[in-house]
Amino acid sequence: MYIGTPHTFHHANAKAALLAGKHVLCEKPFTFDIAELDELITIAKQKKLFLMEAVWTRFQPISYAVQDVLKSGKLGPVKRMFADFSMNFEPDSKFALWAGCLISPFTCALPPTSSSHAARPDSNRMIDPAQGGGSLLDQGPYPSVWAMLALHQHPDNKDKDPRVVSSYQRVYPRSGVDAMSHWIVEWKGFAEARCLTDMTASGLSEATAVVTCQEADLVIACECSFPMFERLATPYSPADPPWRPESFSIVPHTMGEPGNIKEKQTFEHPVHPGGGMHYEADEVARCIRDGKTESERMPLAESRITQGWLDVVRKNGNTVLKEWKSTAGH
């Protein structure tokens, strides 16, 4: 059973499926909070059912290639990283982009209508608190996945319980959800990740994540330079969207900085025809075929880590979701 409902419905929908004896692939973020996730994990284990968070980026070709380079040691020790998933949703603009273009680009082939030229309604899922609106829950899994792949799974990392050491949220005044969230995660004795989400400003024009190493930077590409009206009128399919990048570069440090790599190199890892979701679907099929109850590539323990980050950022902020009630136990 695939769960792709609004974030605050994930727990109830996934729980119902598990109780009905169904294996579950649940969209990110897995749940609203970690208490809800722990309940799902408990049920899945009791019933010996497969359960996985649908973090499709983990299964795309570029993710394996990035990890291979970092683990090879050719870039030297990892120092830190920055990951950004910001896209200007323009919630109050009369020329606002469709919500589908932000997170689900496959819906953007529709022609503009008069309704696309009005400000977002309060019921829009990016604005509505009852649907888990705001940038943190909707966009937060994307910078988190690069932090987990680049730092948490790196062989030099010995800290299996990375914590958020600093966070900030800017509140979107109309509904009280977060317009922007920023948090820093520390792997003690190893490195830090700075993660950013924003639904009111564009992200970096050429990178969605940068891993700074001793010898050079590893830059994961982002290409979202389409003019706004072109996005409205045509399928939104830039070469390297931040949700599905297909290239990365090794970039030398600036003159005078340490590092033996002197020339920029770019590596292409295109997604096969079909949009890219088939990689995680194949993983689910393989796991169920082999009688596994979780994926080694997307283990439940790592979903708990990133869910915990989102909890900390949300509870440290001042949005209306700060004290929102969990549905765990219901």
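Heavy-atom basis, side chains included; hydrogens, waters and symmetry copies ignored.
Closest heavy-atom contact between Pro121 and Ile127: O-CD1, 3.8 Å. Lys15 and His330 get closest at one heavy-atom pair: NZ-O, 2.9 Å. Contact record, Thr8 with Ala130: OG1-O, 2.5 Å, taken as the closest heavy-atom pair. Minimum interatomic distance between Thr208 and Ala221 (heavy atoms only, all atoms of both residues): CG2-O, 3.8 Å. Of all the heavy atoms in His152 and Asn157, the pair that sits closest is O-ND2, 3.0 Å. Shown here for Asn316 and Lys322, the closest heavy-atom pair between the two residues is C-NZ, 4.1 Å.
Distance alone, capped at 3.5 Å, is enough to place a donor-acceptor pair between the His253 side chain and the Cys213 backbone. Side-chain atoms of Gln265 never come within 3.5 Å of backbone atoms of Ile250 as a donor-acceptor pair (strictly under, hydrogens ignored). A donor-acceptor contact shorter than 3.5 Å links the side chain of Tyr279 to the backbone of His272. When atom types are taken as modelled, the side chain of Gln139 and the backbone of Asp198 share a donor-acceptor pair closer than 3.5 angstrom. A donor-acceptor pair under 3.5 Å links the side-chain atoms of Glu215 to the main chain of Asn260, judged by distance alone. Between the Asp178 side chain and the Ser135 main chain, a donor and an acceptor come within less than 3.5 Å of each other. Judged purely by atom type and a 3.5 angstrom limit, Glu294 uses its side chain to pair as donor or acceptor with the backbone of Leu300.
Residues passing the side chain to side chain contact (heavy atoms under 4.5 Å, CB included) test with Ala328, sequence neighbours excluded: Ala35, Glu36, Glu39, Ser326. With sequence neighbours excluded, the residues forming a salt bridge (Lys or Arg N to Asp or Glu O under 4.0 Å) with Asp122 are Arg174, listed by chain and number. Judged as a ring-ring contact (aromatic ring centres under 6.0 Å, His included), and not counting sequence neighbours, the contacts of His269 are Phe248. The ring-ring contact (aromatic ring centres under 6.0 Å, His included) search around Tyr2 returns none, not counting sequence neighbours. Listed by chain and residue number, nothing satisfies the ring-ring contact (aromatic ring centres under 6.0 Å, His included) test with His11 (two or more places apart in sequence, or in another chain). For Asp159, the salt bridge (Lys or Arg N to Asp or Glu O under 4.0 Å) criterion is met by no residue, not counting sequence neighbours. Residues forming a ring-ring contact (aromatic ring centres under 6.0 Å, His included) with His7 (at least two apart in sequence, or on another chain): His10. Applying the salt bridge (Lys or Arg N to Asp or Glu O under 4.0 Å) rule to Asp290 yields no partners; only residues at least two apart in sequence or on another chain are considered.
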Donor-acceptor contacts under 3.5 Å from residues 188-195 side chains, at least two apart:
none

Return a table of donor-acceptor pairs under 3.5 angstrom between the side chains of residues 61-83 and protein atoms on other chains or two or more places apart.
unit_1: Ser63; atom_1: OG; unit_2: Thr57; atom_2: O; d: 2.4
unit_1: Gln67; atom_1: OE1; unit_2: Arg297; atom_2: NH1; d: 2.7
unit_1: Gln67; atom_1: OE1; unit_2: Arg297; atom_2: NH2; d: 3.1
unit_1: Gln67; atom_1: NE2; unit_2: Leu149; atom_2: O; d: 3.0
unit_1: Gln67; atom_1: NE2; unit_2: Gln153; atom_2: OE1; d: 2.7
unit_1: Ser72; atom_1: OG; unit_2: Val69; atom_2: O; d: 2.6
unit_1: Ser72; atom_1: OG; unit_2: Lys74; atom_2: N; d: 3.3
unit_1: Lys79; atom_1: NZ; unit_2: Gln214; atom_2: OE1; d: 3.3

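Salt bridge absent: Arg125 and Asp128 never bring a charged side-chain N and a carboxylate O closer than 4.0 Å.
Annotation for Lys325: atom NZ does not count as buried by contact number, only 12 or fewer foreign heavy atoms lying within 6.0 Å.
Ring orientation note: the planes of Phe85 and Trp243 are tilted relative to one another, at an angle of 30° to 60°.
Here Val219 is tied into one hydrophobic group with Val210, Val251, each link being a pair of ILVMFWY side chains closer than 4.5 Å.
Residue pairs meeting the side chain to side chain donor-acceptor pair (under 3.5 Å) criterion with at least one member in residues 40-53, sequence neighbours excluded: Glu53-Ser303.
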